Amino acid sequence: MPLLPWRRPPLPSGALWREVVETVAVLRDLPPRQLDRLRELAAGFLARKAITGAGGQELDEALRLAIAAQACLPVLELGLEAYRGWWEVVVYPGAFVSVQRWVDEAGVEHELRRPLTGESWPQGPVILSEEDVWSGAQELDGYNVVIHEMAHKLDLLNGEANGFPPLHRGMERRAWTEAFAAAFEDLRRRIVAGEPAPLDPYAAEDPGEFFACATEAFFECPDLLAGSYPAVYGQLRAYYRQDPLARTGGPEGGS
Ligand SMILES: [Zn+2]
């Protein structure tokens with residue numbers, strides 16, 4: 001439901017906000033000014049999107065706020081407008097089964113059932129597993145299901161989730177494509193060769209998954225991403241208008 005322009009949503013209470021910031025690793029090192037901005041965005045996110053439990057299951061406020069806060073980190077400098085066109089986050093207690101059905105050229109019907117921890121439907125809801133929201137929030141290991149699904153939502157803004165979201169003025173299509181294509185190929189080669197992969201191997205599925213996994217790494221372990229794929233890091237820094245490496249690498253960085 002769109003907000004009336006003169007009404008600001010109430011901020012989450014200070015105690016609850018501190019609890020969430022302490023629990024969610026990727027938020028801990030944010031400077032105070034960015035945390036304040038994130039708190040406002042999270043309030044706006046909660047006002048605009050319904051975060052509901054699958055099958056009417058009750059969700060506690062800490063979970064709803066933890067989802068909203070992590071969802072808003074990628075759009076900290078882009079604003080909630082970047083999440084236009086969808087209204088709902090559905091939360092399952094654990095991994096859920098996604099069913100895809102399609103008919104092939106011969107007219108034969110197929111059904112694929114896969115257990116998932118998160119899913120983003122074009123123009124539809126984001127679906128998350130609560131268990132994975134919390135496990136992804138605990139450590140800075142490049143695994144964060146909320147950030148991953150939000151990256152798909154941004155990617156979907158201009159059509160398919162193909163690893164090519166709408167770029168800002170001043171960004172070059174060619175530079176984006178070259179950076180991502182080279183890194184994608186390198187990751188696939190490393191996996192085939194049995195070499196250590198600098199990103200979640202799931203990133204090698206397709207360019208859309210690569211963008212989502214690279215976004216997780218960008219926020220959670222920027223040093224690893226910048227060290228392995230500096231051109232990708234540079235493109236994501238321009239796209240998200242944030243420099244997480246400067247946050248964690250500074251003298252006050254830690255934890
Ligand atoms: Zn994905």
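Predicted model, so just to flag it, every value in this text is computed and none were measured. Note that these values count all heavy atoms, side chains included, but never hydrogens, waters or copies made by symmetry.
- With contacts defined as side-chain heavy-atom distances shorter than 4.5 Å, the pair Thr215/Tyr240 qualifies.
- Heavy atoms of other residues, nucleotides or ligands lying less than 6.0 angstrom from CD of Glu160 number 12 at most.
- When all heavy atoms are compared, the tightest approach of Pro12 to Trp17 is CG-CE3, 4.2 Å.
- Side-chain contact check for Tyr143 and Ser135: no donor-acceptor pair (N or O, by modelled atom type) lies under 3.5 Å.
- Side-chain contact between His148 and Cys213 is present, with at least one heavy-atom pair separated by less than 4.5 Å.
- Considering only heavy atoms from C-beta on, Phe211 comes within 4.5 Å of Tyr239 through its side chain.
- Side-chain contact between Val232 and Pro230: absent, with no pair of heavy atoms (C-beta onward) separated by less than 4.5 Å.
- Comment: Glu185 does not engage Arg188 in a salt bridge, judged by the lack of any side-chain N to carboxylate O separation of less than 4.0 angstrom.
- Across every non-hydrogen atom of His168 and Ala238, the tightest pair is CD2-O, 3.5 Å.
- Put simply, the side chain of Glu220 gets close to the backbone of Gly142: a donor and an acceptor are under 3.5 Å apart.
- Side chains of His110 and Gln100: no donor on one and acceptor on the other come within 3.5 Å.
- The backbone N or O of Glu195 lies less than 3.5 Å from no partner atom in the side chain of Arg190, so there is not a single donor-acceptor pair.
- In this structure, Pro165 and Leu157 have side chains that are not in contact, with every pair of non-hydrogen atoms separated by 4.5 Å or more.
- In this structure a side-chain-to-backbone donor-acceptor pair under 3.5 Å is present from Lys49 to Tyr83.
- For the residue pair Trp121 / Glu119, a side-chain donor-acceptor distance below 3.5 Å is found, with atom types taken as modelled.
- The 12-atom threshold is exceeded at CD of Glu111, counting heavy atoms of other residues, nucleotides or ligands nearer than 6.0 Å.
- Under the side-chain hydrogen bond (donor to acceptor under 3.5 Å, both in side chains) rule, Asn144 has a single partner from Glu216, Gln138, Gln70, which is Gln70.
- Taking all atoms of both residues into account, the shortest heavy-atom contact from Tyr233 to Pro222 is CE1-CB, 3.7 Å.
- Phe164 and Thr177 get closest at one heavy-atom pair: CE1-OG1, 3.8 Å.
- Under a 3.5 Å cut-off, the side chain of Gln242 and the backbone N or O of Leu73 do form a donor-acceptor pair.
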